[in-house]
Participant: 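So that we are looking at the same thing, I have put the structure below in structure tokens.
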Amino acid sequence: MSQLIAPSLLSANFLNLEKDIRMLNESEADWFHLDIMDGLFVPNISFGFPIIEKIRKATSKILDVHLMIVDPERYLERFKKAGADIISIHIEASKKPGEALKSIRSLGAKAGIVINPGTPVSTLAGVIHEADMVLLMSVNPGFGGQSFIPGTLDKISELQQMIKSQKTKVLIEVDGGINLNNATALIHAGVDILVAGNTIFASPDPALTIHRLKSMC
Ligand code: DX5
Ligand code: ZN
């Protein structure tokens with residue numbers, strides 16, 4: 001499959017979200033990436049259920065919900081009800097990530113597992129078979145607009161080896177600091193989904209930037 005582009009709405013204009021959603025709907029963007037932060041797992045707070053529900057009503061594209069919250073199992077059902085198609089949890093934030101992934105699937109959503117830049121790929125060994133997607137963070141989570149951590153490329157090949165040796169099927173998503181310069185290396189490395197916030201929304205023509213990213217895929 002050719003790679004998918006998932007714009008992160010963290011960098012959208014919350015004073016006029018409708019306009020950005022309309023732009024994304026008409027653009028070549030594949031998914032909406034929604035970053036949920038609780039002020040505990042990361043030193044920032046973003047947005048919650050009412051906003052997700054409104055976004056759900058305004059688009060038919062896939063809602064890819066990235067939970068940066070402690071003990072995410074407390075809220076899985078509510079995120080599904082709010083309209084999430086994919087729910088990703090951090091391995092560092094959950095006491096029983098394997099169980100949480102099973103719960104996400106039993107709710108009828110796709111299950112994603114996320115690791116921070118400092119977390120080794122090997123930590124995924126016991127849970128990867130419960131996941132539909134692995135999200136590799138290429139910045140420390142909490143804020144948009146940070147610089148891509150190059151070591152992520154090595155983690156991609158390590159992850160691919162694990163996927164092969166475990167004979168499982170998961171999509172690989174990368175999130176943080178992706179721009180028009182480093183996207184090609186990620187695509188060549190075998191990433192399936194590229195998340196981009198600042199690169200898209202801080203550009204003069206976000207739809208054109210999405211088009212440019214998509215043309216590389
Ligand atoms: C970081 C978030 C990312 C971030 C991506 O905590 O998970 O999704 O918003 O934004 P950029 O592309 O600006 O790094
Ligand atoms: Zn994210």
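Ligands are counted one by one from 1 in listed order, and the atoms in each one are counted from 1 as well. Computed from a prediction, not measured in an experiment: that's the story for all the values here. Keep in mind that the numbers below use all heavy atoms, side chains included, and drop hydrogens, waters and symmetry copies.
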Participant: List ligand 1 atoms under 4.0 Å from Gly176, heavy atoms only on the residue side.
Facilitator: 14 (O)
Participant: Just to confirm my output: which protein heavy-atom neighbour is closest to atom 6 (O) of ligand 1, and how far is it?
Facilitator: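 In this structure, atom 6 (O) of ligand 1 has Gly142 N, 2.8 Å as its nearest protein heavy atom.
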Participant: Compute the angle centred on the Zn ion (ligand 2) spanning NE2 of His33 and OD2 of Asp175, and express it rounded to 10 degrees.
Facilitator: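 Answer comes to 100°, rounded to 10°.
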Participant: Under a 4.5 Å side-chain heavy-atom rule over Ile, Leu, Val, Met, Phe, Trp and Tyr, are Ile113 and Ile104 clustered together?
Facilitator: yes
Participant: Taking only heavy atoms of His66 into account, list the atoms of ligand 1 that are under 4.0 Å away from them.
Facilitator: 7 (O)
Participant: What atoms of ligand 1 come closer than 4.0 angstrom to any heavy atom of Met137?
Facilitator: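 Checking each atom against Met137, I get 7 (O).
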Participant: Does one hydrophobic cluster hold both Met68 and Ile52, with members joined at side-chain heavy-atom distances below 4.5 Å?
Facilitator: no
Participant: State the atom name: nearest N, O or S atom of Asp35 to the Zn ion (ligand 2).
Facilitator: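 The Zn ion (ligand 2) is closest to the Asp35 atom OD1, counting only N, O or S.
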Participant: Of all the N, O or S atoms in His66, which has the shortest distance to the Zn ion (ligand 2)?
Facilitator: ND1
Participant: Nearest to atom 1 (C) of ligand 1, what protein heavy atom do you find, and at what distance?
Facilitator: Phe143 O, 3.6 Å
Participant: Between Ser8 and ligand 1, which residue portion shows a heavy-atom distance shorter than 4.0 Å: side chain, backbone, both, or neither?
Facilitator: side chain
Participant: Evaluate Gly145 for polar contact with ligand 1, using N/O atom pairs at a separation under 3.5 Å.
Facilitator: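 So ligand 1 has an N or O lying under 3.5 Å from an N or O of Gly145.
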Participant: Between Asp30 and Ile62, does a side-chain contact (heavy atoms from CB on, under 4.5 Å) hold up when you go through it step by step?
Facilitator: CA-CA 7 Å; Asp30 297 283; Ile62 299 277; over 6 Å; no
Participant: Looking just at side-chain N and O atoms, do Thr119 and Glu92 make a donor-acceptor pair shorter than 3.5 Å?
Facilitator: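 Yes, Glu92 and Thr119 have a side-chain donor paired with an acceptor closer than 3.5 Å.
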Participant: Show which atoms of ligand 1 fall inside a sub-4.0 Å distance from at least one heavy-atom site of His33.
Facilitator: 8 (O)
Participant: Judging by distance only, is a nitrogen or oxygen of Asn198 under 3.5 angstrom from one on ligand 1?
Facilitator: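 The answer is yes, given that Asn198 and ligand 1 share an N or O pair closer than 3.5 Å.
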Participant: In ligand 1, which numbered atoms sit nearer than 4.0 Å to a non-hydrogen atom of Gly177?
Facilitator: 11 (P), 12 (O), 14 (O)
Participant: Tell me: protein heavy atom nearest atom 2 (C) of ligand 1, and distance?
Facilitator: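 The answer is Asp35 OD1, 3.4 Å.
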Participant: Out of curiosity, Leu63 CG to Leu34 CG, how far, rounded to the nearest 0.5 Å?
Facilitator: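 These two atoms lie 5.5 Å from each other.
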Participant: What pair of heavy atoms forms the shortest contact from Ile210 to Glu28, and how long is it?
Facilitator: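 So the minimum-distance heavy-atom pair works out to CG2-C, 3.8 Å.
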Participant: Could you tell me, atom by atom, which parts of ligand 1 come under 4.0 Å of a heavy atom of Pro141?
Facilitator: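 Those of ligand 1 that fall under 4.0 Å from Pro141 are 6 (O).
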Participant: Just how far is it from atom CZ of Arg22 to atom CG of Asn16, taken to the nearest 0.5 Å?
Facilitator: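 The distance works out to 7.5 Å.
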Participant: Using a distance-only test with no angle check, is there a side-chain donor-acceptor pair under 3.5 angstrom linking Ser138 and Thr152?
Facilitator: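 The criterion, which ignores hydrogens and geometry beyond distance, is not satisfied for Thr152 and Ser138.
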Participant: Checking side-chain polar atoms at under 3.5 Å, does His66 have a donor or acceptor matched by the opposite partner on Asp64?
Facilitator: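 Distance-only check fails for His66 and Asp64.
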Participant: Just how far is it from atom CG of Leu135 to atom CD1 of Ile86, taken to the nearest 0.5 Å?
Facilitator: 10.5 Å
Participant: Considering only heavy atoms of Ala196, which atoms of ligand 1 have at least one such atom less than 4.0 Å away?
Facilitator: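 Once the distances to Ala196 are compared, the set is 12 (O).
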Participant: Check this for me: Glu77, atom CD, are more than 12 non-hydrogen atoms of other residues, nucleotides or ligands nearer than 6.0 Å?
Facilitator: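 Open: at most 12 neighbouring heavy atoms sit under 6.0 Å from CD of Glu77.
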Participant: I'd like to know if Glu99 pairs up with Lys102 as an ion pair, taking the criterion as any Lys NZ or Arg NE/NH1/NH2 lying under 4.0 Å from an Asp or Glu carboxylate oxygen.
Facilitator: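 A salt bridge is present here (some side-chain N lies under 4.0 Å from a carboxylate O).
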Participant: Are any of the heavy atoms in Phe201 under 4.0 Å away from ligand 1?
Facilitator: no
Participant: Among protein heavy atoms, which sits nearest to atom 12 (O) of ligand 1, and what does the distance come to when rounded to 0.1 Å?
Facilitator: Gly197 N, 2.8 Å
Participant: Leu10 heavy atoms, cut-off 4.0 Å: which ligand 1 atoms fall inside?
Facilitator: 9 (O)
Participant: Can Asp175 be said to touch ligand 1, with heavy atoms closer than 4.0 Å?
Facilitator: yes
